[in-house]
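Heads up: the structure comes next, in structure tokens.
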There are 2 protein chains.
Amino acid sequence: MDLAVIEKAANAIADKHRLSIIMEVVKKGKLICGDVCEFTCLSQPTVSHHVKILVDSGVLNSSKNGRIVELTLNKEMMKQLSMFFLQLS
Amino acid sequence: MDLAVIEKAANAIADKHRLSIIMEVVKKGKLICGDVCEFTCLSQPTVSHHVKILVDSGVLNSSKNGRIVELTLNKEMMKQLSMFFLQLS
DNA sequence: TCCATAAATTTAAAAACTTCAATGTATTTA
DNA sequence: TAAATACATTGAAGTTTTTAAATTTATGGA
């Protein structure tokens, strides 16, 4: 397991707003960026910034449909994280 | 599962030096702060700072033997993290 | 008691992060 | 084609984090 991957994912998760975005994606299955602006009460550029960190780290997947970006959870990354911490426990 | 606990643990893990401290604790079973100064090449105050974050977050346990602080992994926290990510995967 | 050792705290500087207004880009629709 | 929509990027301000020198605290040994 690559520690740089763990570090980057942990960093993405280690923020109140980003963690709430993750949990909302889990709850709804998928989100668009506009949804995130609404339920976080953050500005659109700020949301764009946080979403970028989540996607770059591999925690969230994004796919563009026209001008809409759809966010989903990267379950493969969740599996990797789960296994990493399982090995340490 | 309390998200604030996850956020704090993720924050503790989301640093190159702190992650390497964790992995060294895993490897050796236990460490004292002085060991950490050596293998990280960080100053004693900096190590003290990082260790504090790791212990406060619940990622590491610490116990004081005289003037020596012994650090061990909090396996219960590792289990909690593993379960959290397992539920998301 | 006095000195050495282990770690914590204080303080300050530099780097990184968070945030949003303004602006830019791409795409859809009227 | 022009306007509207969804998101990205830039730039700047404020905040937090990282780091280490200097100092302090606590403990062990001579």
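All values below come from the heavy atoms of this structure, side chains included, with hydrogens, waters and symmetry mates left out. Just so you know, these numbers come straight off a predicted model, no measurement behind them. Chain A is the first sequence line, chain B the second, and so forth, proteins listed ahead of strands; every chain is numbered from 1.
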N/O donor-acceptor pairs under 3.5 Å from side chains in residues 66-81 of chain B, not counting sequence neighbours:
{"unit_1": "B/Asn74", "atom_1": "OD1", "unit_2": "B/Glu76", "atom_2": "N", "d": "3.1"}
{"unit_1": "B/Asn74", "atom_1": "OD1", "unit_2": "B/Met77", "atom_2": "N", "d": "3.3"}
{"unit_1": "B/Asn74", "atom_1": "ND2", "unit_2": "B/Gly58", "atom_2": "O", "d": "2.8"}

Show which side-chain atoms of residues 26-37 of chain A pair as donor or acceptor with protein atoms under 3.5 Å away, not counting sequence neighbours.
{"unit_1": "A/Lys28", "atom_1": "NZ", "unit_2": "A/Glu24", "atom_2": "OE2", "d": "2.8"}
{"unit_1": "A/Asp35", "atom_1": "OD2", "unit_2": "A/Ile32", "atom_2": "N", "d": "3.2"}

Solution key, residues 41-49 of chain B side-chain donor-acceptor pairs under 3.5 Å, sequence neighbours excluded:
{"unit_1": "B/Ser43", "atom_1": "OG", "unit_2": "B/Thr46", "atom_2": "N", "d": "3.3"}
{"unit_1": "B/Ser43", "atom_1": "OG", "unit_2": "B/Thr46", "atom_2": "OG1", "d": "2.9"}

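Summarising the hydrophobic clusters (Ile, Leu, Val, Met, Phe, Trp, Tyr; side-chain heavy atoms under 4.5 Å, direct or chained), the residues clustered with B/Ile53 are none.
B/Thr46 has no side-chain polar atom (N or O) that falls below the 4.0 Å cut-off from OP1 or OP2 of D/dT19.
Looking at residues 6-22 of chain B, you'll see that no heavy atom sits under 4.0 Å from any atom of DNA chain C. For residues 47-61 of chain B, proximity to DNA chain C is found at B/Ser48, defined as any non-hydrogen atom under 4.0 angstrom from a strand atom. For the segment residues 26-36 of chain A, residues with any heavy atom less than 4.0 angstrom from an atom of DNA chain D are, sorted by number, A/Ile32, A/Cys33, A/Gly34.
Both B/Ile21 and A/Val5 are members of a single hydrophobic cluster when ILVMFWY side chains are connected at heavy-atom separations under 4.5 Å. Side-chain heavy atoms closer than 4.5 Å link hydrophobic residues (I, L, V, M, F, W, Y) into clusters, and following such links, possibly through other members, connects B/Leu19 to B/Val55. No continuous path of ILVMFWY side-chain contacts below 4.5 Å connects B/Val59 to B/Met83, so the two sit in separate hydrophobic clusters.
Residue pairs satisfying the side-chain hydrogen bond (donor to acceptor under 3.5 Å, both in side chains) criterion with at least one member in residues 56-66 of chain A, sequence neighbours excluded, are listed as follows: A/Lys52-A/Asp56. The stretch residues 70-89 of chain A participates, sequence neighbours left out, in these ring-ring contact (aromatic ring centres under 6.0 Å, His included) pairs: A/Phe85-B/Phe85. Residue pairs satisfying the ring-ring contact (aromatic ring centres under 6.0 Å, His included) criterion with at least one member in residues 58-81 of chain A, sequence neighbours excluded, are absent.
For A/Lys16, there are no salt bridge (Lys or Arg N to Asp or Glu O under 4.0 Å) partners at least two apart in sequence or on another chain.
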Checklist entry - How would nucleotides 22-29 of chain D be written as a contact map, 5' to 3', with B for base contact, S for sugar-phosphate-only contact and - for no contact, using protein heavy atoms under 4.0 Å? => result B----BS-
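Separating the CD1 atom of A/Ile68 from the P atom of D/dA4 is a distance of 18 Å, rounded to the nearest angstrom.
For A/Glu7 against B/Asp15, the heavy-atom pair with the smallest separation is CG-N, 4.0 Å.
For the pair A/Arg18 (side chain) and A/Ala12 (backbone), a donor-acceptor distance under 3.5 Å is present.
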